[in-house]
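Below is one structure, written out as structure tokens, with a few remarks after it.
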There are 2 protein chains.
Amino acid sequence: MGKAYNVMAATCPSRTVLHRIGARWTVFVVNALADGPRRFTDLKAHIQGITPKVLTETLRSLEADGLISRQEYLENPPRVEYALTPLGRSLLVPLRAVRLWAEQHVPDIDAARARHEDRAATGTA
Amino acid sequence: MGKAYNVMAATCPSRTVLHRIGARWTVFVVNALADGPRRFTDLKAHIQGITPKVLTETLRSLEADGLISRQEYLENPPRVEYALTPLGRSLLVPLRAVRLWAEQHVPDIDAARARHEDRAATGTA
DNA sequence: GGTACCGGTATCAAATCCATACCGTGAGTC
DNA sequence: GACTCACGGTATGGATTTGATACCGGTACC
């Protein structure tokens with residue numbers, strides 16, 4: 001069967017999937033859970049700059065899509081652990097590649113941006 | 001040297017790179033250019049649902065980051081072609097993987113969403 | 001002269017994202 | 001028994017992004 005869905009079609013369901021993946025913080029959360037379950041506060045500290053509200057929203061969305069699981073322990077103090085599901089772990093593969101690409105190509109992008117600045121400053125010539 | 005940048009650090013430059021990659025339409029545009037240069041109107045038609053404004057913005061950003069090139073032909077009628085640069089082509093590799101994942105896992109995500117709906121409707125039990 | 005195509009802009013509304021502050025529960029603590 | 005703290009979040013309200021729709025200047029064609 002292979003490719004039944006085509007992302008370029010406006011009505012294709014894969015659109016909504018890609019939308020979720022492309023959401024601002026998905027790649028961070030999924031990568032952060034790569035090494036095992038983490039707690040809310042732990043995630044918040046690890047993913048620097050994320051606000052609790054956005055983290056909550058991201059986690060809820062990912063949970064709704066079956067990419068992560070939320071396990072509540074009614075201990076003391078109450079503890080909540082988030083972990084990747086098998087589906088989430090399969091997404092980790094391409095997302096890790098994206099993260100790696102980003103980390104490896106910072107100099108290239110920076111250089112391109114500098115060149116662009118130059119060209120803009122010098123005039124359109 | 002390998003990994004000099006860490007995406008999880010708030011101040012890391014790789015953040016801005018990941019931000020650009022994760023922008024709403026980047027994955028579509030880069031994938032759309034996979035098979036060779038395309039013209040503005042062609043892109044707009046191919047990437048269904050994108051508005052000209054957003055397409056323009058996305059193309060400008062990608063150009064600034066050196067991921068695509070914009071070639072203007074002063075012929076008649078005037079023609080503008082966008083193409084991936086070598087850097088953009090290297091990004092194509094992980095992005096194509098993301099696209100494939102999205103296209104392949106639609107049923108899984110749909111099923112998860114349905115389960116989630118169910119659970120929400122039935123009550124928290 | 002009127003219409004259509006190309007490569008976009010302009011304008012304004014809507015969705016999203018973010019910062020900051022706050023809440024309820026229970027534990028420790030004095 | 002009031003005070004404070006950590007955990008796992010919410011509430012609020014503003015900034016940023018995204019989107020829909022309409023339009024523009026230039027040229028060719030009819």
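Only a predicted model underlies this, so the values are computations on that prediction, with no experimental measurement involved.
Salt-bridge formation is not detected for the pair Arg113(A)/Glu117(A): no Lys NZ or Arg NE/NH1/NH2 atom is positioned less than 4.0 Å from an Asp or Glu carboxylate oxygen.
Nucleotides of DNA chain C with any atom under 4.0 Å from a heavy atom of chain B span, from 5' to 3', dC6(C) to dT11(C).
Applying the salt bridge (charged side-chain N to carboxylate O under 4.0 Å, His left out) rule to pairs touching residues 85-95 of chain B yields nothing, sequence neighbours excluded.
Looking at residues two or more places apart in sequence or on another chain, you find a side chain to side chain contact (heavy atoms under 4.5 Å, CB included) between Arg115(A) and Ala111(A), Ala112(A), Arg119(A). Here Glu81(B) pairs with Arg79(B) under the salt bridge (charged side-chain N to carboxylate O under 4.0 Å, His left out) rule; sequence neighbours left out. Considering only residues two or more places apart in sequence or on other chains, Ser69(A) meets the side chain to side chain contact (heavy atoms under 4.5 Å, CB included) condition with Ala83(A), Thr85(A).
The CG-C1' distance, from Leu55(B) to dA20(D), rounds to 15 Å in whole Å. Rounded to an integer number of Å, the gap from CH2 of Trp25(A) to P of dT17(D) is 13 Å.
Donor-acceptor pairing under 3.5 Å is lacking for the side chains of Arg38(A) and Tyr82(A). Looking at Asn6(B) and Arg99(A), their side chains do bring a donor and an acceptor atom within 3.5 Å of each other.
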>> Treating primed atoms plus P, OP1 and OP2 as sugar-phosphate and everything else as base, which nucleotides of nucleotides 7-16 of chain D get B, S or - for protein heavy atoms under 4.0 Å?
In response: SSBB-BB---
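For the pair Leu91(B) and Trp101(A), the minimum side-chain heavy-atom distance is below 4.5 Å.
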